[in-house]
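Input: a single structure, listed below in structure tokens.
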Amino acid sequence: MSDRILIVGGGFSGAMLAARLTATGAAVSLINRDDRFGLGVAYGAAAPWHRLNVRSARMSADPDRSDDFVRWLQAHAPEHAAPEGFAPRAVYGRYVEDRLAAARAAAGDRLATIVGTVAAVDPTGSVTLADGRRRTGRAVVLATGNPPPRNVDPAPGVIPDPWGPGALDGVRPQDDILLIGTGLTMVDVLMTLEHRGWIGRAAAVSRRGLTPRAHGPRPDPRLNAPLPDHARMSRRLAAARTAAAAGGWRSLMELYRPVTADLWADLVPEAQRRLMRHLRPWWDVHRHRLAPEVAARIDALVAADRLQVLAGRIGRPRPGAGRLELPWRARGQTSEGRLVGDRLIDCSGPGHAPEDDPLTGPLLAAGAARLHPNGLGLDLDPDGRVLDADGRPQPRLFVLGPPARAAFWETIAVPDIRERIAALAAALTQTS
């Protein structure tokens with residue numbers, strides 16, 4: 001058996017875990033579908049106008065050097081070096097690539113990069129690529145990132161994955177757009193279309209019609225307020241409302257940010273499910289915010305009557321008289337209406353479905369993995385090891401990043417992933 005750690009997925013999570021591990025002397029093979037290691041969808045598909053949703057001062061890839069990204073900006077992109085600013089995502093992608101390149105240079109042949117699609121994973125520590133190649137190591141880490149949305153099927157005028165290559169190329173400047181989802185992906189799509197010269201109108205629909213809130217003009221201080229330990233959710237919510245009323249909701253989110261994973265783990269699965277059903281939409285729009293200049297642009301589209309944000313449920317899109325019709329029922333109403341547009345774009349966010357995934361589906365079917373009782377994804381132990389059907393940790397199979405959300409909840413933003421990388425690297429260095 002090789003002494004290498006195999007990392008499946010070369011986006012931010014996988015690349016920065018590889019860098020962290022090789023710094024400890026470990027040998028790593030980083031496997032990615034293409035040769036754009038370090039980018040993933042978040043940075044590989046980013047255009048110059050897409051901004052980070054976190055201030056630059058908090059975007060260091062190195063948990064031991066909090067100013068690493070800002071120092072890199074000062075040297076390589078000084079026009080974006082303000083610590084409290086929101087740098088372009090494409091610039092951040094360059095930073096991650098540079099950090100991975102530095103790790104490669106330091107590690108030599110201890111860091112191997114492999115271009116290929118992983119077709120199967122063996123929980124004992126091996127992977128098989130689609131071309132038949134097999135790699136064996138002392139551990140496998142699944143860092144496969146976010147999958148595309150899953151709400152609509154390809155059809156004329158329908159764009160099921162806005163991040164697919166050339167997905168938005170067919171949108172004409174005067175097209176009226178229908179958007180499924182009112183979150184961050186919707187914002188990114190509208191920003192892209194606007195910069196391409198789109199001048200049409202858009203209607204965006206989600207169940208509650210909530211849109212991401214904006215960061216304040218300056219960083220918000222963390223509230224000095226107690227959090228109830230091991231309390232019922234009703235008490236925690238009451239405490240949160242009291243704290244927000246006293247110090248503002250942004251400061252409340254700063255209070256929760258470093259302890260979110262612990263609070264999530266403290267909830268029983270039924271409480272986690274209730275939180276997702278009733279509170280998640282509000283949590284998401286307050287936790288994952290927009291750069292102020294991006295929020296201002298979305299507000300301008302609404303003010304100009306070019307963007308309508310709607311709350312309700314949708315049906316299946318169908319062709320109309322040369323256009324698309326989207327049946328929908330407004331929230332709280334019983335009668336059905338229809339929205340009409342030239343293009344429909346699925347902006348509903350990642351379509352996580354481990355049971356249908358080509359890597360995790362067979363693991364679930366074989367009992368080598370199980371779904372978390374909260375239904376969000378795979379069940380993991382506190383170190384990120386996959387639990388089998390009987391709840392036993394697989395000692396050589398780990399999950400990192402968005403696919404680990406069932407166990408750790410917040411696993412999509414760089415500050416959260418960075419902490420998980422540090423914890424997982426510590427666990428992996430003890431794996432023999």
Side-chain angles (χ1 to χ4, degrees), residues 53-55 57-59 63 66 84 86 182-184 206-292 295 309 311 331-332 349 352 372-377 379-384 401-402 404-420 422-423:
N53 298 318
V54 178
R55 298 180 193 274
R58 290 187 173 176
M59 287 295 287
S66 62
E84 307 308 338
F86 299 84
T182 60
L184 295 175
S206 66
R207 289 188 180 182
R208 292 176 177 81
L210 299 173
T211 57
R213 282 21 178 190
H215 282 276
R218 294 173 300 279
D220 295 280
R222 185 183 303 174
L223 284 178
N224 183 20
L227 292 172
D229 293 330
H230 307 292
R232 292 191 306 174
M233 190 183 300
S234 58
R235 286 188 57 201
R236 290 181 175 180
L237 286 173
R241 292 189 183 103
T242 300
W249 65 265
R250 292 187 181 91
S251 291
L252 175 70
M253 299 311 292
E254 292 305 307
L255 173 67
Y256 275 93
R257 184 178 58 81
V259 296
T260 298
D262 292 336
L263 293 174
W264 175 255
D266 190 43
L267 296 174
V268 298
E270 175 53 32
Q272 293 175 345
R273 290 193 292 268
R274 281 190 282 117
L275 185 149
M276 289 187 291
R277 282 196 305 271
H278 302 297
L279 295 179
R280 179 180 179 179
W282 281 273
W283 171 270
D284 283 349
V285 299
H286 290 87
R287 173 66 175 84
H288 302 288
R289 285 164 265 169
L290 299 175
V309 178
R331 187 171 179 83
H352 290 282
H372 194 286
N374 63 30
L376 267 183
D379 202 0
L380 311 174
D381 79 354
D383 286 328
R405 64 185 189 145
F408 304 112
W409 183 238
E410 285 293 345
T411 58
I412 61 173
V414 164
D416 303 307
I417 296 174
R418 183 177 62 212
E419 298 306 316
R420 288 301 315 150

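For His286, there are no side-chain hydrogen bond (donor to acceptor under 3.5 Å, both in side chains) partners at least two apart in sequence or on another chain. Here Ser206 pairs with Thr182 under the side chain to side chain contact (heavy atoms under 4.5 Å, CB included) rule; sequence neighbours left out. Evaluation of the side chain to side chain contact (heavy atoms under 4.5 Å, CB included) rule for Ala243 yields Leu223, Ala225, Leu252 as partners, not counting sequence neighbours. Take Arg257 and apply the salt bridge (charged side-chain N to carboxylate O under 4.0 Å, His left out) test, not counting sequence neighbours, and it matches Glu254. Taking Arg218 as the reference, nothing meets the salt bridge (charged side-chain N to carboxylate O under 4.0 Å, His left out) condition, with sequence neighbours excluded. Under the salt bridge (charged side-chain N to carboxylate O under 4.0 Å, His left out) criterion, Asp383 pairs with Arg385, sequence neighbours left out. Remark: Ala271 engages Met233, Leu267, Val268, Arg274 in a side chain to side chain contact (heavy atoms under 4.5 Å, CB included) (not counting sequence neighbours). With sequence neighbours left out, Arg241 forms a salt bridge (charged side-chain N to carboxylate O under 4.0 Å, His left out) with no residue at all. The side chain to side chain contact (heavy atoms under 4.5 Å, CB included) check on Ala406 picks up His372, Asn374, Leu376, with sequence neighbours excluded.
The two residues Ala422 and Pro63 make their nearest non-hydrogen contact at CB-CG, 4.2 Å. Residues Ala404 and Leu380 share a closest heavy-atom pair of CB-CD1, 3.7 Å. Nearest approach of Pro221 to Ser251, heavy atoms of both residues: O-OG, 2.7 Å. Of all heavy-atom pairs spanning Ala214 and Ala295, the tightest one is CB-CB, 3.5 Å. For Asp381 against Phe408, the heavy-atom pair with the smallest separation is O-CZ, 3.7 Å. Gly216 and Arg250 make their closest contact through N-NE, 3.2 Å (heavy atoms, listed as atom of the first residue, atom of the second, distance).
The CG atom of Asp284 lies 12.5 Å from the OG1 atom of Thr211; values are rounded to the nearest 0.5 Å. Going from atom NE2 of His278 over to atom CG of Leu237 covers 11.0 Å, rounded to the nearest 0.5 Å.
Applying the salt bridge (Lys or Arg N to Asp or Glu O under 4.0 Å) test to every pair with at least one member in residues 207-216, sequence neighbours left out, gives no pairs at all. Pairs passing the salt bridge (Lys or Arg N to Asp or Glu O under 4.0 Å) check and including a residue from residues 405-420, sequence neighbours excluded, read Arg287-Asp416.
The shortest distance between side-chain heavy atoms of Pro219 and Arg58 does not fall below 4.5 Å. Between Leu184 and Leu290, the closest side-chain pair of non-hydrogen atoms falls below 4.5 Å. Counting heavy atoms from C-beta on, the side chains of Trp409 and Leu263 never come closer than 4.5 Å. Between Glu270 and Arg273, some side-chain heavy-atom pair lies under the 4.5 Å cut-off. Looking at Trp249 and Trp282, their side chains never come closer than 4.5 Å, going by heavy atoms from C-beta outward.
Note on ring orientation: taking the six-membered ring where Trp is involved, the planes of Phe86 and His215 are tilted (angle from 30° to 60°).
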(request) Could you walk me through whether Arg236 and Asp266 pass the side chain to side chain contact (heavy atoms under 4.5 Å, CB included) test, one step at a time? (result) CA-CA 12 Å; Arg236 290 181 175 180; Asp266 190 43; 2.5 Å; yes
